[in-house]
Number of protein chains: 2
Amino acid sequence: MALRQIFADNLRRARLAAGMSQEELADVAGIDRTYVSALERCRYAASIDVMERLATALQVTPASLLEDVGDVV
Amino acid sequence: MALRQIFADNLRRARLAAGMSQEELADVAGIDRTYVSALERCRYAASIDVMERLATALQVTPASLLEDVGDVV
DNA sequence: CTGTGACTCGTAGTCCGTA
DNA sequence: TTACGGACTACGAGTCACA
């Protein structure tokens with residue numbers, strides 16, 4: 001499993017856990033609304049500083065967004 | 001402290017711990033020697049898939065490269 | 001072995017609108 | 001609320017020569 005996919009999964013999970021919409025998260029993190037959508041859909045390989053902003057906005061550690069939780073499916 | 005800096009530090013530490021030169025790491029990770037140098041010097045905000053390749057080459061988890069170990073200085 | 005400036009090229013990332 | 005497309009710009013990706 002690619003790391004981008006793991007990141008996408010963790011991002012979505014963390015966002016939902018925080019009870020935020022993509023729009024809210026994008027707003028708080030200071031990034032584009034459609035970009036959050038694209039990230040969760042694994043369209044892009046986010047750079048490290050975007051990860052940082054996202055992690056901060058979600059109040060989780062950046063490292064936790066890369067943790068491989070295996071197939072939750 | 002910016003995450004890019006933490007990443008740069010962790011990258012260098014992991015590389016030295018593995019007893020590799022920038023050249024060797026670059027070779028194993030399949031990226032340019034000078035690019036590894038640039039990354040360790042915090043010149044760029046590495047993207048997630050570069051991190052993945054680097055982590056694999058160093059045989060550490062991608063998440064460990066983002067762990068804030070504080071000022072080791 | 002490593003740092004660095006210069007360079008090209010691809011894509012990250014933004015902004016628009018629509019379903 | 002989210003997925004997704006197009007068009008655009010900024011910056012990361014990747015390489016070279018030289019110190």
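All heavy atoms count here, side chains included; hydrogens, waters and symmetry mates do not. This one's a predicted model, so the numbers in the text were calculated from it and none came from an experiment. Quick note on labels: first sequence line is chain A, next is B, and so on, each numbered from 1.
- One atom, CG of B:Asp49, and another, C1' of D:dG12, lie 11 Å apart when rounded to the nearest Å.
- Contact check, B:Thr34 against D:dT15: no side-chain N or O comes under 4.0 Å of OP1 or OP2.
- Residue A:Ala38 is classed as having no contact, given no heavy-atom separation below 4.0 Å to the nucleic acid.
- The shortest distance between side-chain heavy atoms of A:Ile48 and B:Leu66 falls below 4.5 Å.
- Rounded to an integer number of Å, the gap from B:Met51 CE to C:dA12 P is 15 Å.
- Atom P of nucleotide D:dG14 and atom CZ of B:Arg43 are separated by 14 Å, given to the nearest angstrom.
- Across all strands shown, B:Val36 has no heavy atoms under 4.0 Å from either base or sugar-phosphate atoms.
- Regarding contacts with the backbone of C:dT2, a side-chain N or O of B:Arg15 is found under 4.0 angstrom from either OP1 or OP2.
- D:dT2 atom P lies 18 Å from atom OH of A:Tyr35, rounded to whole Å.
- Look at CD1 on B:Ile48: it is 18 Å from C1' on D:dC11, rounded to the nearest Å.
- Rounded to whole Å, atom C1' of D:dA3 lies 14 Å from atom CG of A:Leu39.
- Residue A:Arg12 has a polar side-chain atom (N or O) positioned under 4.0 Å from OP1 or OP2 of D:dA3.
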>> Quick one, B:Asp9 with B:Arg13, criterion side-chain contact (heavy atoms from CB on, under 4.5 Å). Give me CA distance, side-chain angles, the key distance, then yes/no.
In response: CA-CA 6 Å; B:Asp9 287 349; B:Arg13 215 165 333 106; 3.7 Å; yes

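- Where B:Tyr44 and B:Met20 each meet DNA chain C at their nearest nucleotide, the meeting point lying more 5' is that of B:Met20.
- Between B:Ile31 atom CD1 and C:dC9 atom C1' there is a gap of 18 Å when expressed in whole angstrom units.
- For the pair A:Arg53 and B:Gln22, both in contact range of DNA chain C, the more 5′-proximal nearest nucleotide belongs to B:Gln22.
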> Can you check side-chain contact (heavy atoms from CB on, under 4.5 Å) on B:Leu54 and B:Leu25, steps first, answer last?
Replying inline: CA-CA 8 Å; B:Leu54 253 10; B:Leu25 173 56; 4.3 Å; yes

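- Taking side-chain N and O atoms only, B:Arg4 has no distance below 4.0 Å to OP1 or OP2 of D:dC11.
- In summary, A:Arg15 and A:Glu40 engage in a salt bridge, as defined by a charged side-chain N under 4.0 Å from a carboxylate O.
- On a pure distance criterion of 3.5 Å, a polar donor-acceptor pair joins the side chain of A:Arg33 and the base of C:dG17.
- In this structure, A:Ser37 reaches the D:dA3 phosphate: one of its side-chain N or O atoms is under 4.0 Å from OP1 or OP2.
- Atom CG of A:Asp32 and atom C1' of D:dA10 are 14 Å apart (whole Å).
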>> Run the side-chain contact (heavy atoms from CB on, under 4.5 Å) test on A:Leu58 and A:Leu11 for me, step by step, so that the C-alpha distance in whole Å, both residues' side-chain angles and the decisive distance to 0.1 Å come before the verdict.
In response: CA-CA 9 Å; A:Leu58 290 169; A:Leu11 177 60; 3.8 Å; yes

